[in-house]
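Notes to accompany the following structure.
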There are 2 protein chains.
Amino acid sequence: MMSFLDEQAVTSSDKAFFRMRKEIVEGEIAAGSKLSEMELSTKYEVSRAVVREAINRLESCHLVERKANVGARVVTLTPEGLMELYQIREALEGMAARLAAQYMTEGEVQDLEGLLSSQFDEVKNQHSYYQEAGDLDFHYRIILGSKNASLISMLVNGLYHLVRMYRVQLGMAGPRVTTAFDEHKHIVRAISNRDPELAEILMRRHIQYSKNNIAAKLASNQSHI
Amino acid sequence: MMSFLDEQAVTSSDKAFFRMRKEIVEGEIAAGSKLSEMELSTKYEVSRAVVREAINRLESCHLVERKANVGARVVTLTPEGLMELYQIREALEGMAARLAAQYMTEGEVQDLEGLLSSQFDEVKNQHSYYQEAGDLDFHYRIILGSKNASLISMLVNGLYHLVRMYRVQLGMAGPRVTTAFDEHKHIVRAISNRDPELAEILMRRHIQYSKNNIAAKLASNQSHI
DNA sequence: AAAATGCAAATTGTCGACAATTCTTAATAT
DNA sequence: ATATTAAGAATTGTCGACAATTTGCATTTT
């Protein structure tokens, strides 16, 4: 489960990139903190060149920001940034759902329905770690179902790590589990009915709801710190 | 005119990046060709390190594809790639138009209307180099009007160079000038009326038409080569 | 003759050192 | 005391050399 795109590290820079990405997403390297090339190269026991390349790749994912002759910093999480990110998600994943309704194979649709019913059991039995893993799995399948390689790459290699960063660092295990499940159900039905318009509309609403939910959480976190 | 985001080269890699990007977009470096680091470093009279960094950045723009231990190639232009690109444009620029209808200032809307009427004069007087410069200017202004920094960066720094590459290398100076102008007019009206839904719908249709137009051209080019 | 193997050449990946820029801090001037 | 300047330290940018991997070609093998 969730073993698509098994991006395996072949080069040294790959390893550094994956490791840094993980540490940034999970907050082990704090949001907003400076990334010293020398420091990281001693920490990971590689040359500065591979750290530089890893940082460049992190910049492509929008996980760090670099300024010439000054250095790189991990992005800071802000309500505005979250809004922007979810506006983009709404546009791109709405399109992905539309395309998935057109181009997913019958087998893929059935797998998606299967995933949903297995998740239904989990939710019913209170194993509600649904949000993180389950929600991501659902979205990934639809993204892959779009059959648009550029779109897939943009979302999977690019934006979704930032999405996860927001989720992880705001401690999302929210009460949104069951309602989100219903939303998923309706989206799958639209895809199964080969109704691109509806699939897109429902996906966009789903992401809007999700945005509102996480935004509320972020606002409360901001206040009592 | 068209002097936004004056990305100025501060470092040596910047210069190499900008130059290579220009040469790739304009076909001086052929689509699908291999990028030899050594060759380019002698050609530009810089070290391999800066060429490598430039190539990495070009990969982020989806202008080149890299394979570990093998090398980088300029992307190849295909009908499928074009379809994918325009599906993404439709989603992102549709959202941009929606946001522009909400967040553009009155001044920006007036400037946009001014641009349109000045272009109307040009079209009427047969100066119809409208398509390239004029169309891009129109789209850029709406993208910037979205006020979504991530979206702006994705489109301006990322996708639009690829869009230009398709346009330039397929010799777009098409007969679509006047009809596209009417589409622009209606989009601006929706933005001016602060009607986000309509602005998005019209922008999406505009891009769909544009896609069909360029796809037809690509098909004919493919056949008689 | 076709396929497999092994060596040589070429290309990419990694490294440490040097150059250029920015940041820090302390001294000086107003 | 504040602002300015200048020297020093630290960080990033660039370079050439070496290591690892891939590619091309010749040889061998079936």
Side-chain angles (χ1 to χ4, degrees), chain A residues 6-24 28-76 153 157, chain B residues 6-24 28-76 153 157:
Chain A
D6 27 83
E7 44 180 16
Q8 55 190 1
V10 25
T11 175
S12 207
S13 293
D14 291 341
K15 284 197 274 282
F17 170 60
F18 292 146
R19 181 167 170 192
M20 286 182 69
R21 188 178 64 186
K22 179 172 154 60
E23 294 185 0
I24 288 173
E28 194 170 334
I29 298 178
S33 64
K34 185 164 191 324
L35 294 176
S36 161
E37 295 180 357
M38 224 173 42
E39 189 182 322
L40 289 168
S41 80
T42 61
K43 175 178 172 186
Y44 296 149
E45 293 172 318
V46 290
S47 89
R48 262 185 61 218
V50 330
V51 171
R52 268 180 79 83
E53 188 163 329
I55 290 178
N56 280 331
R57 290 213 253 163
L58 291 168
E59 193 186 13
S60 307
C61 306
H62 303 270
L63 288 175
V64 319
E65 290 164 352
R66 166 168 247 163
K67 237 172 63 183
N69 284 315
V70 173
R73 305 192 80 88
V74 179
V75 295
T76 59
S153 168
N157 298 321
Chain B
D6 27 83
E7 45 179 14
Q8 55 190 0
V10 24
T11 175
S12 205
S13 293
D14 290 342
K15 285 197 273 282
F17 170 61
F18 293 146
R19 182 167 169 191
M20 286 183 69
R21 189 178 63 187
K22 178 172 155 61
E23 295 185 359
I24 288 173
E28 195 169 334
I29 298 178
S33 64
K34 185 162 190 327
L35 295 175
S36 161
E37 295 181 356
M38 222 171 46
E39 189 182 322
L40 290 167
S41 81
T42 61
K43 175 178 172 186
Y44 296 150
E45 292 173 319
V46 290
S47 89
R48 261 185 62 216
V50 331
V51 171
R52 270 180 78 82
E53 187 163 330
I55 290 178
N56 280 331
R57 291 212 257 165
L58 290 168
E59 193 185 13
S60 308
C61 306
H62 303 269
L63 288 176
V64 320
E65 289 164 352
R66 166 169 248 161
K67 237 171 64 182
N69 284 315
V70 173
R73 305 192 79 89
V74 179
V75 295
T76 58
S153 169
N157 298 320

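In what follows, every chain begins at residue 1, and chains take the letters A, B, ... in the order their sequences are listed.
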Give a yes or no on whether the backbone of B:Thr11 and the side-chain of B:Asp14 come within a donor-acceptor separation of less than 3.5 Å.
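The answer is yes, because a donor-acceptor pair under 3.5 Å joins these two groups.
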Legend entry - Side chain B:Arg73, main chain B:Ser33, donor-acceptor under 3.5 Å: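 No, because the side chain of B:Arg73 does not come within donor-acceptor range (under 3.5 Å) of the backbone of B:Ser33.
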Specify the separation, in whole Å, of atom [atom1] of [X] and atom [atom2] of [N].
X       : N      : atom1 : atom2 : value
A:Phe17 : C:dG13 : CZ    : C1'   : 17 Å
B:Asp14 : D:dG13 : CG    : C1'   : 11 Å
B:Met38 : C:dT14 : CE    : P     : 18 Å
B:Asn56 : C:dT14 : CG    : P     : 11 Å
A:Lys15 : C:dG13 : NZ    : P     : 13 Å
B:Leu40 : C:dA10 : CG    : C1'   : 16 Å
B:Arg52 : D:dA17 : CZ    : C1'   : 15 Å
A:Glu45 : C:dC15 : CD    : P     : 11 Å

| query | Looking at residues 57-69 of chain A, who's got a heavy atom less than 4.0 Å off DNA chain D? | reply |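 Correct list: A:Arg66, A:Ala68, A:Asn69.
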Lys/Arg cation over aromatic B:Phe17: B:Arg21, 6.0 Å, 45° cone |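 Here B:Arg21 passes the 6.0 Å and 45° test against B:Phe17.
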Could you tell me whether the phosphate oxygens of [N], OP1 or OP2, come under 4.0 Å of any side-chain nitrogen or oxygen in [X]?
X       : N      : value
B:Arg48 : D:dC15 : no
A:Thr11 : C:dT12 : no
A:Ser12 : C:dG13 : no

**Asked** Are any of the side-chain nitrogens in B:Glu39 or B:Lys34 under 4.0 Å away from the carboxylate oxygens of its partner?
**Response**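 Looking at B:Glu39 and B:Lys34, the cut-off is not met.
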- Within the structure shown, what part of the strands sits under 4.0 Å from B:Ile55 by heavy-atom distance: base, sugar-phosphate, or nothing?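 It contacts nothing in the nucleic acid.
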| query | Of B:Glu37 and A:Ser47, whose closest DNA chain C nucleotide lies nearer the 5' terminus? | reply |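 Whichever sits nearer the 5' end wins; that is B:Glu37.
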